[in-house]
Amino acid sequence: MISIKKIALFIITAVAVKQLNAQTKTQNVIVVTLDGFRWQELYRGADSAIINSKFTSNKGDITRKFWAPTAEERRKLLLPFFWNVIGQKGQLYGDRDAGNKSEVANPYHFSYPGYSEIFTGFPDVKINSNDEVLNPNVNVFEYLNKQKGFKDRVVAFSSWQLFPFILNAKRSGLMINSGYTNFNGPKASERLKYLNEIQHKVPEVIGPDERLDFLTFEFGFEYLKQYKPRVLVLGFDETDDLAHEGNYKFYLQSAHKEDGFLGQLWQYIQSDPQYKDKTTLIITCDHGRGDVPLENWCTHGNDTPNSEQTWFAVIGPDTPPTGVIKTPTTVYHKQLAQTIANLLGFDFKAAAGHEVGNAIGTVMGNK
């Protein structure tokens, strides 16, 4: 027999969720990750010390493209969409020069633990490698996929082949396309079929399993236009791989290119009736990188100081256009899962079955 207390709790929870849904304008969420991209370049633009080091070939070319006297000018040259659009109409967190901090809470400071923290809402210390191991923890996207109106409308495209493990495709049932896997969805457009073909013809610049980011973007973008998902995840990878190679020129160029993808994506969102003024875009990274000594920009991990330092940006109908957040607070990536759920009017924390960080209230204008 169901107790009166359980019935009361169910009613209270249902009312709370209904009220939360009524309070948000966001009906769709797009999450984009730039693997290992540093907060230093986001907020300061190109780093002159690295440009003038052994890590940059064609120093003159990079200087002409991305150098300017002030950080404000440099970051606009490198990331025009971030600064001309999100900087004016959204929010940016983790500018340590302005006194705000964003960090991963997990102790490892590399990719699988970083993505797991973002997607599940907590830093599970047992997630401590980049091995192909299915994540035992429920993530916010599989939770959303079970909600009314979201079933089979929550999808992910990633360059890194481990996303099906991080998001536990076997358990979650999510459509996840990663690495050089073909897309075999029903009624795939000719464009998607062409991308299946061409992805196996491009040079494997990064590695045999890590797809070039432009292909991941094109797959995700075409899927968005044809199938109209409610939640889309795009995981880019090149910034991390190129930094590990110590190639600052290509690291900057890749970040600049991905900023262009974001601009193209946002332009489409604002032109489509399903998405216009109903969609929140969240952009972040899975970990930071080192800074001192200079060689540490190439790497990260718990033995690399400051590689827990991260950032995130958000723009959407529920987010006040406050630009760079300058309050002396620290936000953690474990808070992003509940933030995503709250934007859509749901409470992931109450249903996850494990620890979940509190939502970041300022994203929705709450203190």
Side-chain angles (χ1 to χ4, degrees), residues 5-6 9-10 12-14 16-17 20-21 24 26 29 31 33 93 102-148 150-156 158 160 162-176 178 230-233 235 280 282 284-287 302 308 310 312 314 330-361 363-364 366:
K5 285 185 177 180
K6 287 184 177 179
L9 179 61
F10 174 80
I12 291 169
T13 302
V17 170
L20 191 57
N21 270 279
T24 60
T26 299
V29 167
V31 178
T33 57
Y93 292 78
S102 174
E103 298 181 0
V104 293
N106 76 80
Y108 306 115
H109 312 164
F110 59 88
S111 290
Y112 195 141
Y115 288 121
S116 180
E117 179 182 336
I118 295 169
F119 300 153
T120 68
F122 87 111
D124 185 351
V125 294
K126 296 188 294 297
I127 303 295
N128 57 11
S129 76
N130 280 341
D131 295 340
E132 294 182 344
V133 176
L134 290 170
N135 195 329
N137 305 303
V138 174
N139 65 74
V140 67
F141 304 119
E142 65 180 297
Y143 163 75
L144 291 171
N145 196 48
K146 295 177 181 177
Q147 308 309 310
K148 184 179 179 180
F150 286 81
K151 179 64 177 174
D152 298 326
R153 300 183 71 187
V154 182
V155 301
S158 73
W160 195 33
L162 257 68
F163 268 53
F165 296 91
I166 299 168
L167 294 173
N168 199 329
K170 289 186 178 179
R171 184 194 65 232
S172 68
L174 295 171
M175 198 297 289
I176 306 168
S178 299
R230 297 285 300 277
V231 179
L232 171 66
V233 181
T280 293
I282 297 173
T284 189
C285 58
D286 52 332
H287 54 74
N302 58 6
E308 78 283 358
T310 56
F312 81 93
V314 57
T330 302
V331 294
Y332 294 94
H333 279 198
K334 66 180 181 179
Q335 299 178 262
L336 290 172
Q338 179 72 344
T339 304
I340 292 165
N342 280 187
L343 281 162
L344 290 167
F346 297 106
D347 186 357
F348 175 55
K349 186 172 184 176
H354 55 66
E355 173 194 344
V356 173
N358 293 327
I360 301 164
V363 167
M364 297 176 66
N366 303 319

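Only this structure's heavy atoms are used, side chains among them; waters, hydrogens and symmetry mates stay out.
- Evaluated for a side-chain contact (heavy atoms from CB on, under 4.5 Å) with Thr280, the options Thr339, Val363, Thr26 yield exactly one hit, Thr26.
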Report the C-alpha separation of Ser178 and Trp160 in whole Å, then their side-chain angles, then the decisive distance to 0.1 Å, and conclude whether the side chain to side chain contact (heavy atoms under 4.5 Å, CB included) test is met. CA-CA 6 Å; Ser178 299; Trp160 195 33; over 6 Å; no
Which donor-acceptor pairs under 3.5 Å do side chains of residues 162-175 form with protein atoms, sequence neighbours excluded?
from: Asn168; atom 1: OD1; to: Arg171; atom 2: N; distance (Å): 3.1
from: Asn168; atom 1: ND2; to: Asn135; atom 2: O; distance (Å): 2.7
from: Arg171; atom 1: NE; to: Glu142; atom 2: OE1; distance (Å): 3.2
from: Arg171; atom 1: NH1; to: Asn135; atom 2: O; distance (Å): 2.9
from: Arg171; atom 1: NH1; to: Pro136; atom 2: O; distance (Å): 3.3
from: Arg171; atom 1: NH2; to: Asn137; atom 2: O; distance (Å): 2.9
from: Arg171; atom 1: NH2; to: Glu142; atom 2: OE2; distance (Å): 2.5
from: Ser172; atom 1: OG; to: Leu167; atom 2: O; distance (Å): 3.1
from: Ser172; atom 1: OG; to: Asn168; atom 2: O; distance (Å): 2.9
from: Ser172; atom 1: OG; to: Leu174; atom 2: N; distance (Å): 3.3

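- Listed for the Asp131 side chain is no donor-acceptor partner under 3.5 Å among the backbone atoms of Val133.
- At a threshold of 4.5 Å between non-hydrogen side-chain atoms, the residues Asn106 and Asp124 do not count as touching.
- In this structure the side chain of Phe150 never reaches within 4.5 angstrom of the side chain of Tyr143, judged on heavy atoms.
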Between Leu144 and Leu344, is a side chain to side chain contact (heavy atoms under 4.5 Å, CB included) present by the stated rule, with each step listed? CA-CA 9 Å; Leu144 291 171; Leu344 290 167; 3.7 Å; yes
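- One finds the CG atom of Asn139 at 14.0 Å from the CD atom of Glu117 (value rounded to the nearest 0.5 Å).
- Side-chain contact check for Met364 versus Leu343: some heavy-atom pair is nearer than 4.5 Å.
- When side chains are defined from C-beta on, Leu336 counts as touching Ile360, because their heavy atoms get closer than 4.5 Å.
- For Lys151, the salt bridge (Lys or Arg N to Asp or Glu O under 4.0 Å) test picks out no residue, with sequence neighbours left out.
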For a side chain to side chain contact (heavy atoms under 4.5 Å, CB included) check, start with the C-alpha distance between Val155 and Val231, then their side-chain angles and the critical distance, and finish with the verdict. CA-CA 6 Å; Val155 301; Val231 179; over 6 Å; no
Could you pull out every donor-acceptor pair under 3.5 Å between side chains of residues 348-355 and any protein atom, sequence neighbours left out?
from: Lys349; atom 1: NZ; to: Asn358; atom 2: OD1; distance (Å): 2.3
from: His354; atom 1: NE2; to: Val138; atom 2: O; distance (Å): 2.9

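- A distance of 9.0 Å separates CG of Asn342 from CG of Asn366, quoted to the nearest 0.5 Å.
- Between the CD1 atom of Ile127 and the OH atom of Tyr115 there is a distance of 15.0 Å, given to the nearest 0.5 Å.
- In this structure, the separation between CD on Glu103 and NE2 on His287 is 15.0 Å, given to the nearest 0.5 Å.
- With values rounded to the nearest 0.5 angstrom, Phe119 atom CZ is found 8.5 Å from Asp286 atom CG.
- Residues Pro123 and Lys334 approach most closely at CD-CD, 4.0 Å, considering heavy atoms.
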Would Asp347 and Gln338 count as a side chain to side chain donor-acceptor pair (under 3.5 Å) here? Give the steps. CA-CA 7 Å; Asp347 186 357; Gln338 179 72 344; 2.8 Å; yes
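- Taking CZ of Phe122 as the start and OG of Ser116 as the end, the distance is 7.0 Å to the nearest 0.5 Å.
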Could you walk me through whether Thr310 and Phe312 satisfy the side chain to side chain contact (heavy atoms under 4.5 Å, CB included) test, starting with their C-alpha distance in whole Å, then the side-chain angles of each, then the deciding distance to 0.1 Å, before giving a yes or no? CA-CA 7 Å; Thr310 56; Phe312 81 93; over 6 Å; no
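- The shortest side-chain heavy-atom distance between Thr120 and Val140 does not fall under the 4.5 Å cut-off.
- Nearest heavy-atom pair, Leu134 versus Tyr112, reported as atom, atom and distance to 0.1 Å: C-OH, 3.8 Å.
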